[in-house]
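Just so it is clear, the model here is predicted, and its values are computed rather than measured.
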Amino acid sequence: MQTIRIQLRESTQETVELRYWLPQKNHYESRRLKLAEIANFLKQGERDYYKLLPNLPGIGKQLFFWLDGDGRWLSRGIAIGYIYSNKGDVEKAIALYNQSLEIKERIGDVQGKAATLNNLGYIYSNKGEVDEAMSTTGYAYALYNKSLEISERIGDVQTKAATLQCLGYLRQQRGSG
């Protein structure tokens, strides 16, 4: 099981900085949260938790999405497929990302689908099949373009920027800059 360390640090009188670290990384990622948002979320959590039959998985999912934020920074940081990819188990990473893609399609998480397609494109482009990945008919290229199309359609600027960066890198490596 993946372990993640999370810390809140006071930033201003109105905000805190939420930081997280993964065990294999020396640096942290962070984002700012407004204290008023935290207070509202705590009130809602207390209200939902003390019901006769609380929906604990739903409360946990809601908490995760709130922490994850619009930028989905936490999702990207703990993506299991990415970890397997970094460990060299590319086939396991691809299988996990494909499972994630199926789930995101089933639950209608369009933004998550775009990000997962981007991550799959990254895995394929770094798989070692350089010529195929850099080809405009290659699978990595197709995944990036599908991610780009979805992120543009839903206005997900962060995933669009990451995907454009990956496409730019592929084009640069191909020499068609």
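Donor-acceptor pairing under 3.5 Å is recorded for the side chains of Glu17 and Ser30.
Tested against Tyr97 for a side chain to side chain contact (heavy atoms under 4.5 Å, CB included), the candidates Leu143, Thr116, Leu117 yield a single pass: Thr116. In summary, of the residues considered (Asn119, Leu120, Leu164, Asn118), a side chain to side chain contact (heavy atoms under 4.5 Å, CB included) with Ser147 occurs for Asn118 alone. Among the candidates Glu149, Glu105, Glu102, the single residue satisfying the salt bridge (Lys or Arg N to Asp or Glu O under 4.0 Å) test with Lys113 is Glu105.
Closest approach of Gly121 and Ala140 over heavy atoms only: O-CB, 3.5 Å. Closest of all the heavy-atom pairs between Asp156 and Thr159 is OD2-OG1, 2.7 Å. Shown here for Ala114 and Ile150, the closest heavy-atom pair between the two residues is CB-CG2, 3.6 Å. Closest of all the heavy-atom pairs between Val110 and Arg153 is CG1-NH2, 3.8 Å. Across all their heavy atoms, Ile38 and Leu33 have their closest contact at CD1-CB, 4.2 Å.
By the 4.0 Å N-to-carboxylate-O rule, Lys160 lies close enough to Glu152 to be salt-bridged with it.
Using a 4.5 Å heavy-atom cutoff, the side chains of Leu167 and Tyr141 are in contact.
The environment of CD in Gln7 is crowded: more than 12 heavy-atom neighbours from other residues, nucleotides or ligands sit within 6.0 Å.
Side-chain heavy atoms closer than 4.5 Å link hydrophobic residues (I, L, V, M, F, W, Y) into clusters, and following such links, even through other members, never connects Ile154 to Val157.
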